[in-house]
Each structure stands twice: as structure tokens, then as C-alpha cells.
Amino acid sequence: MEYIPAKTILSGYREQREWFGCHYNMNLYRGCCHGCIYCDSRSECYGIQEFDRVRAKKDALYLLERELRARRRVGIIHTGSMSDPYNPFEKAECLTQQALEKIARYGFGVVIATKSDLVVRDIPILQRIRSQSPVAVHITITTAGDMLSEKIEPFAPPSSRRFEALRALSGAGITTGVLLMPVLPWITDDPQNIREIVQKAARAGVKYVFNGGNKMFGLTMRDRQREYFYKQLDQIFPGLSARYRKTYGYDYGCNSPLAELLWEEFVRTCRECEVEYRMPKIISIIRAGYEEPQLSLF
């Protein structure tokens, strides 16, 4: 494992809590090796060179403990926004596992975003955190079937293993959800795919499925991300990149032509399956069960 310098691990406290009710952001790793053809984190604005090479932040655990101890406000920490905290190297490095131990010790809550079923390893720690603070794990699932997930997310666990991870987490009393994003036009923007993801998620015991916001069914594209995506399309779905270029040009937001239909199907299926899809309600679910004096800390 290569280590890179880091000055801080936790972002500053934010009073606004629109993103799953979180106050801090944490990234212990830099880069990702899941190979997802659409990943926005490849974009130039994030400044991650050689994105497919995973590196760990030097002295990350020491820095994290120092920052947790120094924080005047306890809050909920989100991890997984720029690099997967359960990349394959985590199995040996255990940085995320040790970070969760520290989060538990200092009374913070945590929300984890991942594509890996390795997260089930840390169920005992998550249960300890949950005994005192909000906890949630959401797993990104863009396609209901393994065959397609192995094409567009080639080095991540297939969708079936992610659903099984959700089942194990939910069975252990951990609040779980699905990030159904992005939706790739002419690849995953099929109403049947959206319906199956929600239905399988519900059967796995999830409390919510989030698609990015009201009628947001598509992906964002910019600079290096767009170049990489089109190159992968040329190899996996020959001719499709030309359709993207003609339809979207250099647009940042690339919504599916079926966005309205997909939204209707999504909302209908979520309601039928009794899973939440609205962010304010999702935040309420994550925070549910904690007394008001305690929640004032969050």
C-alpha cells in the first residue's frame, strides 16, 4: 500500500444536513479500483491523479483520533463520497475498521456509502455505534442483474452480493439503504430495472432507496470522466458513445430521455414496497430512536 501525505481527515462541521443528516466527511483512502465506467470522481476538479490506483492517507488513524478528540461538536460522519472505504485493500489494511472503533469510542455517528460486501465484517462495531449514535449503511446498486453490473462496475462485487450484504446488515439491526445512482441512458434506464432494484432492496430489508433527488435519473459528466466513459462505451457497447455525443454534447447533466417515466415507476414501486425515497424522510429514519437531548448534539 502506498501512503500519501494528509493534513486532516475530517472535514469541518456543517450545520446543514441535507446529505443523509451528516455533519462531517471522512476519506481514509484516495482513488478507487472498482473500475466503474461512469465514476464522477475521475473529474479534473477533484485533483485525483491515477484515480484507479488506491492509496492510503499517511497517519490517517492518528489524525482522525486527534480530530475526534478536538471536535467541540459531536456529529454524524459520512464516508465513501470520494473513495470506497471498503476497497479490496481494506481487507488487509483495516483502516476503515479501526476508524469505526475510534468513532464508537468518541460517540460520533456514521453513515457509510460503499459498493462492497466487505462492510458486513464490521457489523459488530456498527452495532456498538448504533447503541449510542445514528448509523446507516447504503450500498450503490445501479442494475438489478449481475451480468450488467460486471460490465459497468467490473471490479466491484456483483449486484447479488451487494443485496446479500444489505440483508445481513438489516438482519443485524443496522439501518440500510440503496443509492440508485447514476442511471445510465440506454444502459440502465429501463423501468423494469428500476422496479427490480427497489423490490430486491425491499426484500433485503432496506429502509430507503435514494436516486439523487426529484426526477433525477441520469448521470453527470465532465472532462476526464467523460473521456473515460466514452472510451469504455466504445469497448463494451460499440456505437453508443456517438449517441451520447449527439444527445448531450458537453452537457454536465445528462438525464435519461425516460426520466419522467422512470420517476413515476420509482415512486410507485417505493410506495408499494414501503421504502422511503425522500431525503428529509430518510434523515428522519436514520435518526429515529434517539432521544431529543441526544439528537441536539447531532
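These numbers come from the heavy atoms of this one structure, side chains and all, not from hydrogens, waters or symmetry mates. Since the structure is predicted, the reported quantities are computational estimates derived from the model, not experimental observations.
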Worked check of side-chain contact (heavy atoms from CB on, under 4.5 Å) between Leu240 and Tyr230
CA-CA 8 Å; Leu240 189 53; Tyr230 286 168; over 6 Å; no
CA sep, side-chain torsions, deciding dist, call: Lys102, Glu65, salt bridge (charged side-chain N to carboxylate O under 4.0 Å, His left out):
CA-CA 7 Å; Lys102 296 181 186 300; Glu65 179 148 19; 2.7 Å; yes
Is there a side-chain contact between Tyr38 and Pro182 (heavy atoms, below 4.5 Å)?
yes
Rounded to the nearest 0.5 angstrom, the OH-CZ distance for Tyr248 and Arg243 is 9.0 Å
With the side chain counted from C-beta on, respond yes when Pro185 and Phe217 share a heavy-atom pair under 4.5 Å apart, and no when they do not.
no
Let me confirm one number: the CG-CG distance from Leu184 to Asp189, rounded to the nearest 0.5 Å.
8.0 Å
Treat each ILVMFWY residue as a node, draw an edge where side-chain heavy atoms are under 4.5 Å apart, and state whether Leu219 and Val183 are in one component.
no
I want to check something: taking the side chain as every heavy atom from C-beta on, are Asn27 and Met82 in contact at a cut-off of under 4.5 Å?
yes
Any link between Val267 and Met216 through a network of hydrophobic side chains (Ile, Leu, Val, Met, Phe, Trp, Tyr) touching at under 4.5 Å?
no
Would you check if there is a donor-acceptor pair between the side chains of Tyr29 and Glu93 at a distance under 3.5 Å?
no
Report yes or no: does Ser241 contribute a side-chain atom to a donor-acceptor pair with the main-chain N or O of Leu233 at less than 3.5 Å?
no
Please identify which of these residues, Thr175, Val206, Leu126, meets the side chain to side chain contact (heavy atoms under 4.5 Å, CB included) condition with Leu169.
Leu126
May I ask you to check whether Tyr13 and His23 place their ring centres under 6.0 Å from each other?
yes
Between Ile48 and Arg55, is there a side-chain heavy-atom distance shorter than 4.5 Å?
yes
Show, in sequence, the C-alpha distance, side-chain angles and deciding distance for Glu274 and Lys207, and conclude whether the salt bridge (charged side-chain N to carboxylate O under 4.0 Å, His left out) test is met.
CA-CA 8 Å; Glu274 299 183 337; Lys207 300 297 185 183; over 6 Å; no
Checking Leu100, Thr176, Asp84 against Ile112 for side chain to side chain contact (heavy atoms under 4.5 Å, CB included), the one that qualifies is Leu100
Cys33/Asp52 under side-chain contact (heavy atoms from CB on, under 4.5 Å): CA gap, chis, key distance, verdict
CA-CA 5 Å; Cys33 57; Asp52 295 286; 5.7 Å; no
Give the cluster check for Ile197 versus Leu148: same hydrophobic cluster or not, with ILVMFWY residues linked at side-chain heavy-atom distances below 4.5 Å.
no
Is there side-chain contact between Arg73 and Phe108, with heavy atoms separated by less than 4.5 Å?
no
Would you call Glu164-Arg161 a salt bridge at under 4.0 Å N-O?
no
Check whether the ring centres of Trp186 and Phe237 lie less than 6.0 Å apart, and answer yes or no.
no
Short side-chain to backbone donor-acceptor contact, Gln225 and Thr220, under 3.5 Å
yes
Between the side chain of Ser43 and the main-chain N/O of Asp40, is any donor-acceptor distance below 3.5 Å?
yes
Test the Arg42-Tyr228 pair against the cation-pi criterion, namely NZ or CZ under 6.0 angstrom from the six-membered ring centroid and within 45° of the ring axis.
yes
Report yes if the distance between the aromatic ring centroids of His138 and Phe20 is under 6.0 Å, otherwise no.
yes
Under 3.5 Å, is there a donor-acceptor pair between the side chain of Glu90 and the main chain of Leu95?
yes
